[in-house]
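Values below: every heavy atom of this structure, side chains too, minus hydrogens, waters and symmetry copies. By convention here, the first residue in the shown sequence is residue 1. In this text, all values refer to a predicted model and were calculated from it rather than measured experimentally.
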Amino acid sequence: MKRYGDVTAVAGLDLTVPAGECFGLLGPNGAGKTTTVEILEGLTPADAGLVEVLGRAWSGGGADRALRERLGIQLQETKLPEKLSVEETIRLFASFYRQAHTVEEVLDLVGLGEKRRAWYSKLSGGQKQRLAVACALVNRPELLFLDEPTTGLDPQSRRQLWDVVASFRAGGHTVLLTTHYMEEAERLCDRVAIMDHGRVIALGTPRELIAGLGAEHVVEFTLAGGAPAVDWDADLRALPGVRAVRSTDGVMSLTVAELHHTLPALMALLERRGQALASLTTHHASLEDVFVSLTGRRIRDD
């Protein structure tokens with residue numbers, strides 16, 4: 001548990017992450033993800049509860065040094081010296097540890113070999129994030145913490161960082177990451193814990209959580225002229241294949257099992273009611289839909 005005045009940032013979590021797993025903490029801003037990770041990293045003391053990392057508890061004394069040698073940490077926001085080169089930055093971080101990769105090994109891990117002599121200030125956003133991860137990997141960690149590693153990155157830079165994480169994981173190492181990108185969690189994580197208001201509200205593999213919706217697809221539609229569909233619930237729930245119905249800000253969402261049966265029936269219902277569509281989209285059910293089902297709002301509403 002962790003409180004800041006009257007605000008409860010973490011209301012109590014019961015989590016175990018086995019070695020070799022990529023575990024994700026998912027949730028919107030303010031859900032308690034970063035506070036949880038900072039407690040695990042030994043940067044923030046918990047107000048109550050037991051915390052063990054790699055079989056050891058943080059003591060607040062000199063014995064913590066040995067544990068820190070085994071961890072790699074990439075913070076949510078990393079500020080590095082603007083006029084150090086990529087190579088100089090890696091050498092600096094390597095000097096903090098008793099054992100470390102060579103500069104060449106780290107450059108190869110994160111794909112920054114061509115930028116080794118470039119100043120930090122001259123790097124792109126994606127390259128800066130990869131350098132931050134390089135600094136977290138330099139000490140050959142057993143456990144890697146990544147706090148929102150791809151926030152603000154373009155899709156190509158995001159996928160490059162995913163490759164770095166996957167490569168580290170392939171070596172049998174453990175990763176704990178926070179994110180509000182559902183695609184990222186589904187791509188990288190063996191298991192995820194969805195957090196909201198300082199608590200875990202769902203825990204399992206991405207496939208298990210999505211399967212819990214009871215359907216594979218989501219249909220979203222709006223009516224022409226902004227007409228409300230507030231009295232449609234009974235008719236929509238009666239459509240073939242529909243498992244759940246939600247209405248949010250004029251958007252109707254149907255969780256469905258058999259898209260090819262539901263869509264024709266929906267179009268027929270619209271015709272009977274004399275309504276026209278303004279928009280209609282379909283997609284495979286995702287962790288985003290799990291969060292909406294549990295909380296009634298989207299993960300990035302805030």
Can you list the residues that meet the side chain to side chain contact (heavy atoms under 4.5 Å, CB included) rule with D196, with sequence neighbours excluded? P28, I201, F291, T295, R297
E82 CD: over 12 foreign heavy atoms closer than 6.0 Å: yes
Hey, are E184 and T150 close enough side-chain-wise for a donor-acceptor pair under 3.5 Å? yes
Please enumerate all residues that pass side-chain hydrogen bond (donor to acceptor under 3.5 Å, both in side chains) together with D163, with sequence neighbours excluded. none
For the residue pair D190 and P206, what are the closest heavy atoms and their distance? O-CD, 3.5 Å
Give a yes or no answer on whether the side chain of D108 reaches the backbone of E104 with a donor-acceptor pair at less than 3.5 Å. no
Name all residues meeting the side chain to side chain contact (heavy atoms under 4.5 Å, CB included) criterion together with A63; count only those two or more places apart in sequence or in a different chain, and write none if there are none. R56, S59
If every non-hydrogen atom of V86 is compared with every non-hydrogen atom of K115, which pair is closest and at what distance? CG2-O, 3.2 Å
Taking side chain to side chain contact (heavy atoms under 4.5 Å, CB included) as the definition, give me every residue that meets it alongside A268, ordered by chain and number, with sequence neighbours left out. R272
Has E52 got more than 12 heavy atoms of other residues, nucleotides or ligands less than 6.0 Å from its CD? yes
Shortest non-hydrogen contact from E41 toward I73: OE2-CG2, 3.3 Å
How far apart are the closest heavy atoms of K128 and L123, and which atoms are they? CE-O, 3.5 Å
Side chain R68, main chain G42, donor-acceptor under 3.5 Å: yes
For residues 280-287, dump all side-chain donor-acceptor pairs below 3.5 Å to protein atoms at least two apart in sequence or in another chain.
| from | atom 1 | to | atom 2 | distance (Å) |
| --- | --- | --- | --- | --- |
| H283 | NE2 | D289 | OD1 | 3.3 |
| H283 | NE2 | D289 | OD2 | 3.1 |
| S286 | OG | E288 | N | 3.2 |
| S286 | OG | D289 | OD2 | 3.2 |

Donor-acceptor under 3.5 Å (S167 side chain, V164 main chain): no
Please report the closest heavy-atom contact between V138 and A94, naming both atoms and the distance. CG2-CB, 3.6 Å
Sequence neighbours left out, cut at 3.5 Å: what donor-acceptor pairs do the side chains of residues 251-260 make with other protein atoms?
| from | atom 1 | to | atom 2 | distance (Å) |
| --- | --- | --- | --- | --- |
| S253 | OG | E220 | OE2 | 3.4 |
| E258 | OE1 | H261 | ND1 | 3.1 |

One pair to check against side chain to side chain contact (heavy atoms under 4.5 Å, CB included): V110 and L131. What are the steps and the verdict? CA-CA 7 Å; V110 299; L131 181 55; over 6 Å; no
The single option from L277, L236, V242 that satisfies side chain to side chain contact (heavy atoms under 4.5 Å, CB included) with L266 is L236
Evaluate whether atom CD of E88 has more than 12 neighbouring non-hydrogen atoms of other residues, nucleotides or ligands under 6.0 angstrom away. yes
Please name all residues satisfying side-chain hydrogen bond (donor to acceptor under 3.5 Å, both in side chains) with E186, sequence neighbours left out, ordered by chain then number. none
Would you list the pairs meeting ring-ring contact (aromatic ring centres under 6.0 Å, His included) in which at least one residue belongs to residues 58-111, sequence neighbours left out? F93-F96
Got more than 12 heavy atoms from elsewhere within 6.0 Å of CZ, R199? no
Without placing hydrogens or testing angles, list every side-chain donor-acceptor pair under 3.5 Å for residues 9-22, not counting sequence neighbours.
| from | atom 1 | to | atom 2 | distance (Å) |
| --- | --- | --- | --- | --- |
| E21 | OE1 | R191 | NE | 3.2 |
| E21 | OE1 | R191 | NH2 | 3.0 |
| E21 | OE2 | R191 | NE | 2.9 |

How close do A202 and L294 get, heavy atom to heavy atom, and via which atoms? CB-CD1, 3.7 Å
With sequence neighbours excluded, give me every ring-ring contact (aromatic ring centres under 6.0 Å, His included) pair touching residues 149-172. F168-H173
Quick one: list whatever passes side chain to side chain contact (heavy atoms under 4.5 Å, CB included) with R117, sequence neighbours left out. none
Backbone N or O of P45 within a donor-acceptor pair of the K2 side chain at under 3.5 Å? yes
Show me the donor-acceptor pairs within less than 3.5 Å that the side chains of residues 140-148 make with the rest of the protein, sequence neighbours left out.
| from | atom 1 | to | atom 2 | distance (Å) |
| --- | --- | --- | --- | --- |
| R140 | NH2 | E105 | OE1 | 3.2 |
| E142 | OE1 | R70 | NH2 | 3.1 |
| E142 | OE2 | R70 | NE | 2.8 |
| D147 | OD1 | T34 | OG1 | 3.3 |
| D147 | OD1 | T178 | OG1 | 2.5 |
| D147 | OD2 | T34 | OG1 | 3.0 |
| E148 | OE1 | T151 | OG1 | 3.2 |

